[in-house]
2 protein chains.
Amino acid sequence: MTYTLAEEDYLKAIYKIAERHGTPVSTSAISELMQTRPASVTDMLKKLADKELIDYKRYHGVSLTRTGARQATLLIRKHRLWECFLVEKLGFNWDEVHVIAEQLEHIQSDTLIDRLDDYLDNPKFDPHGDPIPDASGAYRMRYQILLSDLGLHQRAVLVGVREHTSSFLQYLDQNHLALGATLEVVEVLPYDGSVRLRLSDGEPFLISGQVARQLFVRQITEAT
Amino acid sequence: MTYTLAEEDYLKAIYKIAERHGTPVSTSAISELMQTRPASVTDMLKKLADKELIDYKRYHGVSLTRTGARQATLLIRKHRLWECFLVEKLGFNWDEVHVIAEQLEHIQSDTLIDRLDDYLDNPKFDPHGDPIPDASGAYRMRYQILLSDLGLHQRAVLVGVREHTSSFLQYLDQNHLALGATLEVVEVLPYDGSVRLRLSDGEPFLISGQVARQLFVRQITEAT
DNA sequence: GGTAGAATTTAGACGGGGCTAAAGTACAAA
DNA sequence: TTTGTACTTTAGCCCCGTCTAAATTCTACC
């Protein structure tokens with residue numbers, strides 16, 4: 001089965017919201033993420049329900065059916081593989097790829113995506129650290145906690161970002177916060193959750209609690 | 001300026017027809033190439049004329065304006081670069097790439113296409129031998145004549161194909177007629193224009209006049 | 001020069017996907 | 001239990017790109 005561009009966008013939106021905030025997914029949440037009016041969302045939900053891609057009960061939100069989730073996962077696979085391609089082969093920076101990948105993910109060709117996967121050596125994570133589903137839709141969850149949950153003097157590796165906006169990623173670049181970077185919490189300011197960090201070989205600097213809550217890290221267990 | 005998918009498809013169609021059959025381009029020719037009804041074509045022509053992408057006089061066909069031609073050339077550039085990518089990097093056969101490239105050519109990002117161009121080492125011809133316009137829209141015409149116009153005992157190199165259908169390209173593959181192949185005309189059957197060919201190291205075989213008229217060759221000037 | 005037949009355009013409709021305005025529903029607080 | 005408020009849906013509209021049926025224009029032939 002093949003779906004329209006708009007249908008695919010909705011499926012992906014529902015999947016993402018469900019992933020973060022659980023199910024059922026509300027009309028307004030979709031409306032906000034997709035920058036459309038709630039009334040338009042309701043219209044589309046009816047269509048998706050007719051096609052059995054979502055379970056929908058009026059006034060009570062939606063969740064993806066098995067088929068819907070399958071399709072959403074496939075889209076995410078495509079999106080993330082294209083992001084890898086753009087960064088690793090074409091030399092884009094990680095803050096530039098999202099918009100382009102949003103277009104590329106709609107290209108219809110299973111062969112294409114499988115070959116792209118092979119061409120990239122079957123990467124398991126995209127340039128933002130997000131896991132890439134395999135052709136069957138399965139993927140490993142990344143082990144992660146929020147940087148904001150780290151305690152004083154704990155060390156950790158940056159493994160992912162919650163925000164994918166250009167401005168946020170550029171901010172990280174300016175502070176040399178790249179995926180894989182090792183960092184240590186040297187101070188936590190209790191009032192607003194700001195955190196002072198030190199990277200492996202640099203001066204300590206401050207990031208806001210706002211930022212700290214957008215960064216996923218894997219804690220380093222001290223083998224002292 | 002950015003155009004819709006349908007608008008881009010029409011521009012490309014008009015460009016292609018004008019290239020083969022000259023200008024003005026008729027409604028019915030577009031209708032046939034695009035597999036839509038003439039009435040639909042007329043509707044779209046009005047829109048394209050409003051946007052000054054074509055010159056359109058009712059009942060008298062259309063031709064591209066400077067802007068329209070520029071846009072069409074850009075689409076062709078994108079299409080052909082993606083075809084190169086699919087064949088050279090992802091290992092597709094030349095008969096498989098057209099459909100996928102038709103989708104990829106609509107991806108909107110100038111940076112993307114310029115980087116792809118560099119990544120492929122700025123190819124001048126696509127897998128079917130068609131020239132690839134540069135970022136400014138300029139391209140070299142390939143020197144070519146039709147195989148059907150070769151005389152007896154003349155030798156030539158296959159440089160392009162007129163048909164891009166899968167079945168035609170597969171037929172060529174089966175007969176080892178690849179781009180760059182050197183061939184010699186060993187017999188011409190006057191009745192229907194069939195041609196008996198010999199490739200560099202093979203047995204002579206027959207191709208129909210129909211096929212001979214779909215193949216572009218560059219004649220080899222004998223330096224005897 | 002008139003006219004038949006082909007090509008083209010106009011008129012009117014439809015489905016997809018979006019919007020606004022108005023109405024209906026759910027739920028928390030009184 | 002009632003009610004205010006936020007959320008959601010319905011009704012009705014619009015634009016895009018397509019279609020069919022009918023009208024118009026072009027053109028080639030008599």
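The chains referred to below are lettered A, B, ... by the order of the sequence lines, with proteins before strands, and numbering in each begins at 1. No hydrogens, no waters, no symmetry mates; every other heavy atom, side chains included, goes into these values.
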Query raised in the report: Between A:Met44 and A:Ala6, what is the shortest heavy-atom contact and its length?
Result: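 Scanning both residues, the minimum pair turns out to be CE-CB, 3.7 Å.
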Query raised in the report: When the distance from CG of A:Asp50 to P of C:dG17 is rounded to whole Å, what number comes out?
Result: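 In whole Å, C:dG17 P and A:Asp50 CG are 13 Å from each other.
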**Report entry** More than 12 heavy atoms from other groups under 6.0 Å of CZ on B:Arg218
**Finding:**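 Not buried by this count: 12 neighbours or fewer within 6.0 Å.
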Query raised in the report: Between A:Lys47 and C:dG15, does any side-chain N or O lie under 4.0 Å from OP1 or OP2?
Result: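 So the side-chain polar atoms of A:Lys47 never come under 4.0 Å of the phosphate oxygens OP1 or OP2 of C:dG15.
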Query raised in the report: Okay, side chain of B:Arg80, backbone of B:Asp130: is any donor-acceptor separation there less than 3.5 Å?
Result: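 Here the side-chain-to-backbone pair does not exist.
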Report task. Could you tell me whether B:Gln108 atom CD has more than 12 heavy atoms of other residues or ligands within 6.0 Å of it? Result ->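 Enclosed.
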Query raised in the report: Can you tell me how far P of D:dC16 sits from CG of B:Leu48, to the nearest Å?
Result: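 Roughly 12 Å, once rounded to whole Å.
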Query raised in the report: Among D:dT9, C:dC19, D:dG17, which is the nearest nucleotide to the side chain of A:Pro38?
Result: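 Nearest listed nucleotide: D:dT9.
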Query raised in the report: With respect to the phosphate group of C:dA7, does any side-chain polar atom (N or O) of B:Ser26 fall under 4.0 Å of OP1 or OP2?
Result: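 So the side-chain polar atoms of B:Ser26 never come under 4.0 Å of the phosphate oxygens OP1 or OP2 of C:dA7.
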Query raised in the report: Quick one: does A:Arg142's side chain have a donor or acceptor within less than 3.5 Å of a partner on A:Gly129's backbone?
Result: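 Side chain of A:Arg142 to backbone of A:Gly129, a donor-acceptor pair under 3.5 Å: yes, one is there.
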**Report entry** Cationic N near anionic O, under 4.0 Å, B:Lys51 to B:Glu7
**Finding:**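 B:Glu7 and B:Lys51: salt-bridged.
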Query raised in the report: Rounded to the Å, how far apart are A:Leu5 CG and D:dC16 C1'?
Result: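 Distance check: A:Leu5 CG to D:dC16 C1' gives 14 Å.
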Query raised in the report: For B:Met44 and D:dC15, what is the distance between atoms CE and C1' respectively, to the nearest whole Å?
Result: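 Checked: the CE to C1' distance equals 12 Å.
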Query raised in the report: Contact class for A:Thr42 vs. all strands (heavy atom < 4.0 Å): base, sugar-phosphate, or nothing?
Result: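 Since a base atom lies under 4.0 Å of A:Thr42, the category is base.
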Query raised in the report: Does any N or O in the side chain of A:Thr23 come within less than 3.5 Å of the main-chain N or O of A:Ala18, such that one atom is a donor and the other an acceptor?
Result: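 Judged by distance alone, no pair lies under 3.5 Å.
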Query raised in the report: Of all the choices, C:dC19, D:dT8, C:dG17, which nucleotide is nearest to the side chain of A:Thr36 once you look at every atom?
Result: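 Looking only at side-chain atoms, A:Thr36 lies closest to C:dC19.
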Query raised in the report: Would you say C:dT9 has OP1 or OP2 under 4.0 Å from some side-chain N or O of B:Thr27?
Result: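 So the side-chain polar atoms of B:Thr27 do come within 4.0 Å of the phosphate oxygens OP1 or OP2 of C:dT9, strictly under.
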Query raised in the report: Which word best sums up how the rings of B:Phe85 and B:Trp82 line up, parallel for under 30°, tilted for 30 to 60°, or perpendicular for over 60°?
Result: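 B:Phe85 vs B:Trp82 ring planes: perpendicular.
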Report task. Take the protein atom OH of B:Tyr10 and the nucleotide atom C1' of D:dC16, then report the distance between them rounded to whole Å. Result ->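 Interatomic distance, OH of B:Tyr10 to C1' of D:dC16: 12 Å.
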For nucleotides 20-26 of chain C, print each protein N/O atom paired with a nucleotide N/O atom at under 3.5 Å, atom names and distance only.
| unit_1 | atom_1 | unit_2 | atom_2 | d |
| --- | --- | --- | --- | --- |
| C:dT20 | OP2 | A:Arg37 | NH1 | 3.3 |

Report task. Round to the nearest Å and state the distance from B:Gln35 atom CD to D:dC19 atom C1'. Result ->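 These atoms are roughly 15 Å apart.
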Report task. Using a cut-off of strictly less than 4.0 Å, decide whether B:Tyr56 has a side-chain nitrogen or oxygen near OP1 or OP2 of C:dT8. Result ->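 No.
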Query raised in the report: Between A:His164 and A:His98, is there a donor-acceptor pair closer than 3.5 Å when you use the side chain of the first and the backbone of the second?
Result: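 Judged by distance alone, no pair lies under 3.5 Å.
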Query - Spacing of A:Lys57 atom NZ relative to D:dT9 atom C1', expressed in whole Å - result: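 In whole Å, D:dT9 C1' lies 15 Å from A:Lys57 NZ.
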Report task. Could you list the residues that satisfy side chain to side chain contact (heavy atoms under 4.5 Å, CB included) with B:Asp149, not counting sequence neighbours? Result ->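 Counting only residues at least two positions away or on another chain, B:Asp149 forms a side chain to side chain contact (heavy atoms under 4.5 Å, CB included) with B:Leu146.
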Query raised in the report: Which angle, to the nearest 10 degrees, lies between the helix axes at the two ends of the helix from C:dG1-D:dC30 to C:dA30-D:dT1, each defined by five pairs?
Result: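 Result, rounded to 10 degrees: 10°.
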Query raised in the report: Taking CG from A:Leu45 and C1' from C:dG18, how many angstroms apart are they, rounded to a whole number?
Result: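 Interatomic distance, CG of A:Leu45 to C1' of C:dG18: 14 Å.
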**Report entry** Closest listed nucleotide, where the reference is the side chain of B:Asp43 and the choices are D:dT18, C:dG18, C:dT9
**Finding:**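 Selected nucleotide: D:dT18.
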Query - Presence of A:Lys46 side-chain N/O under 4.0 Å of D:dT10 phosphate oxygens OP1/OP2 - result: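 Yes, A:Lys46 has a side-chain N/O under 4.0 Å of OP1/OP2 on D:dT10.
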